[in-house]
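In listed order, ligands and their atoms are each counted from 1.
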Amino acid sequence: MCGIIGYIGKDVANKIILEGLKRLEYRGYDSVGTATIDAKNHLIIKKDVGRIEEVNTKLNLLEPASNIMLGHCRWATHGAPTRENAHPHLDCKNNVAVVHNGVIENFLELKEELIEGGHKFVSRTDTEVVPHLVEEGLNAGLSFYDATVNAIRRIKGSYALAIISTREPDKIICARNESPLVLGVSDSGTFCASDIPAILPYTNKVIVLNNGELAILEANKFVIKRVSDGITLSREAKVIEWSIEQAEKQGYPHFMLKEIHEQPTSLRNALRLQEQYLDLIATFLDRGEKIFLLAAGTSHYACIASSYMFSKLARLATYPIISSEFIENYGESVGIDTVILAVSQSGETYDTLKAVDYARMRAATILGITNVVGSTLTRVSRAYIVQQSGPEIGVAATKSYTAQVLVLAQLALKLAKIRGKLSQDEIDELKASLNRIPEVVENVLETREEKVKAIAKKYAKEKLFLFLGRGISTATALEGRLKLLEISYTPSLAYPAGESKHGPISIIEDGVPVIFICPNDETRKEIIGNIMEMKARGAKIISVCEKGDQKIANLSDDIIEIPKVNPLLSPIPYIIPLQLLAYYIAIEKGLDPDKPRNLAKSVTVP
Ligand code: F6R
């Protein structure tokens with residue numbers, strides 16, 4: 001997602017910020033901006049859409065030289081990538097400049113209130129409420145710190161914020177909740193940044209800010225306070241021994257592992273969708289006669305999982321179709337009564353866009369779910385939702401998959417509500433289960449990784465794997481197989497377990513590993529039957545099952561237990577060990593999981 005950086009000190013800040021922004025580039029961005037305070041105590045804002053070098057060539061970010069500066073590279077979430085939406089954002093009087101990474105959940109309410117109070121907004125971003133809230137405090141005579149702390153107490157959601165003001169031009173105030181933010185100290189000055197690599201060439205003395213904390217940075221000191229009660233906290237700087245390359249991966253050896261571990265955060269962000277877009281898309285889906293869920297690769301498996309949710313929750317039949325097959329298979333049936341929900345992390349997949357274009361020409365309603373605001377899919381969709389996972393750098397989709405499933409689950413629930421298919425109690429219970437998902441994933445990552453590593457070691461040399469699941473777990477089997485196949489190059493099959501007797505069972509002989517995905521749902525009894533069939537033919541059984549499921553444990557050679565969840569949401573936590581398994585098998589085989597051969601992150605050719 002976006003990257004922020006700030007510096008205040010003895011040195012010229014501009015060069016430090018420009019170089020820091022370049023080191024934040026790897027996170028992905030569409031626009032760049034800086035804020036500084038000149039000798040006349042005026043805020044100077046320079047920002048535009050484009051690469052850092054392009055924006056620098058156009059606007060000369062090195063002038064005017066100053067000892068205080070904020071920088072931002074933006075990955076659009078609220079509002080298209082335009083100059084107006086680029087950060088920094090300002091208050092009405094150009095006294096306060098803010099850069100932000102994250103999602104402010106309650107910005108619409110705050111914006112309405114501020115507009116009523118006479119504030120003028122120029123962007124469509126959630127961030128812009130922050131400078132106006134600080135302005136409110138300054139207008140009431142508060143200090144920069146008091147005005148800022150009051151503003152931060154009013155916002156809900158995820159944020160790493162850095163703020164400067166002409167009222168007190170010798171300070172940067174920054175704050176953190178759920179979006180990463182670190183401070184740095186050196187003999188020359190004080191820094192804040194979204195991650196360590198941005199400041200590592202200048203200092204390796206780093207302080208990690210925790211959720212609910214803010215820091216007041218001055219040229220030669222910093223103070224950390226708790227936002228809720230303003231209590232001052234003491235924290236020692238840590239010396240970082242990483243290289244810049246290691247630091248970009250936040251100490252993880254690969255982006256894929258970093259992104260697997262980012263899932264509690266990306267899932268929390270996927271729960272912060274704007275209700276009005278969910279409502280709109282659910283309304284369009286409700287009106288459709290034929291509903292196709294269009295996607296490729298991993299996104300297709302998210303669609304398969306969601307087709308069970310749409311059917312079970314909203315009693316709506318939807319058809320998950322692989323994009324490249326859509327026109328041949330269903331093209332002639334598309335008309336004005338057709339609704340296409342296209343799901344694409346990049347929003348640029350050729351096959352998906354081609355099928356969308358075809359359907360658009362036949363007057364179908366196009367809806368989108370994507371991770372990239374401003375992508376082609378967002379431009380051709382009647383309505384779209386941004387899943388807010390942040391840039392995914394590993395070629396294998398991990399955090400974008402679980403976020404897609406979570407977005408689709410929210411959509412299915414919304415549709416169930418619109419169609420009056422669930423009671424209020426059922427809706428409340430499902431909402432609570434949705435909200436618990438990031439925690440469950442956190443628990444799986446914290447407690448199961450070592451077990452998965454050991455299983456990967458044990459089975460890494462196997463020549464073939466079979467993945468089986470029933471019902472909604474068919475999607476998990478397919479996605480688990482794709483992960484293993486694409487990064488460890490191990491030939492693998494995945495089937496709905498009910499199909500295994502119709503062919504795949506013929507490959508089973510002594511020692512062939514079969515991975516069963518068996519949450520405790522209505523398919524459990526039948527999947528136990530499938531496990532016994534495979535076991536009887538000599539297969540090694542690896543089961544991903546509910547914690548405490550003794551019967552499945554007794555039938556399995558290895559188990560990975562997952563805490564109890566609503567079975568309809570099981571595709572999210574149950575895929576985590578399979579992502580880790582693929583990763584660790586690739587490592588055991590000496591392969592680079594970030595660069596699987598022959599694969600591209602975004603497939604933009606037929
Ligand atoms: C697998 C993977 C690909 C993509 C597919 C679709 O790990 O990443 O299979 O899922 O190329 O990409 P998007 O979602 O960008 O349309």
Within the 4.0 Å heavy-atom cut-off, what His300 brings close to ligand 1 is neither

Of all the atoms in ligand 1, which lie at a distance below 4.0 Å from a heavy atom belonging to Ala296? 5 (C), 6 (C), 10 (O)

Looking at ligand 1, does any of its N/O atoms fall within less than 3.5 Å of an N/O of Thr298? yes

With a cutoff of 4.0 Å, is Glu348 in contact with ligand 1, counting heavy atoms of the residue only? no

Ring centroid separation Phe326 to Phe292 under 6.0 Å: yes

Report, in ascending order of atom number, the atoms of ligand 1 lying under 4.0 Å from any heavy atom of Ser299. 10 (O), 13 (P), 14 (O)

Near Gly297 (heavy-atom distance under 4.0 Å), the atoms of ligand 1 are 9 (O), 10 (O)

Stacked cation flag Lys249 on Phe255, 6.0 angstrom / 45 deg: yes

With respect to Ala397, determine whether any N or O atom, backbone or side chain, lies less than 3.5 Å from an N or O atom of ligand 1. yes

Determine whether any heavy atom of Val395 lies closer than 4.0 Å to an atom of ligand 1. yes

Going by distance only, is there an N or O of Thr349 that falls short of 3.5 Å from an N or O of ligand 1? yes

If we number the atoms of ligand 1 from 1 as shown, the ones under 4.0 Å from a heavy atom of Lys483 are 1 (C), 7 (O)

Hey, could you give me the CG/CD1 distance between Asn329 and Ile322, rounded to the nearest 0.5 Å? 10.0 Å

Backbone N/O of Gln345 and side chain of Thr370: donor-acceptor pair under 3.5 Å: yes

Sub-4.0 Å atoms of ligand 1 with respect to non-hydrogen atoms of Glu486: 1 (C), 7 (O)

Student check: side-chain heavy atoms of Pro593 and Tyr584 closer than 4.5 Å: no

Inter-residue atom distance Leu257.CG - Tyr252.OH, 0.5 Å rounding: 6.5 Å

Selection from Ala396, Ser346, Ser400 by shortest heavy-atom distance to atom 15 (O) of ligand 1: Ser346

With respect to Gln579, which candidate in Glu479, Lys399, Glu259, Gln263 satisfies the side chain to side chain donor-acceptor pair (under 3.5 Å) definition? Gln263

My understanding is that only one of Gln404, Lys483, Glu486 makes a side chain to side chain donor-acceptor pair (under 3.5 Å) with Thr298; could you say which? Lys483

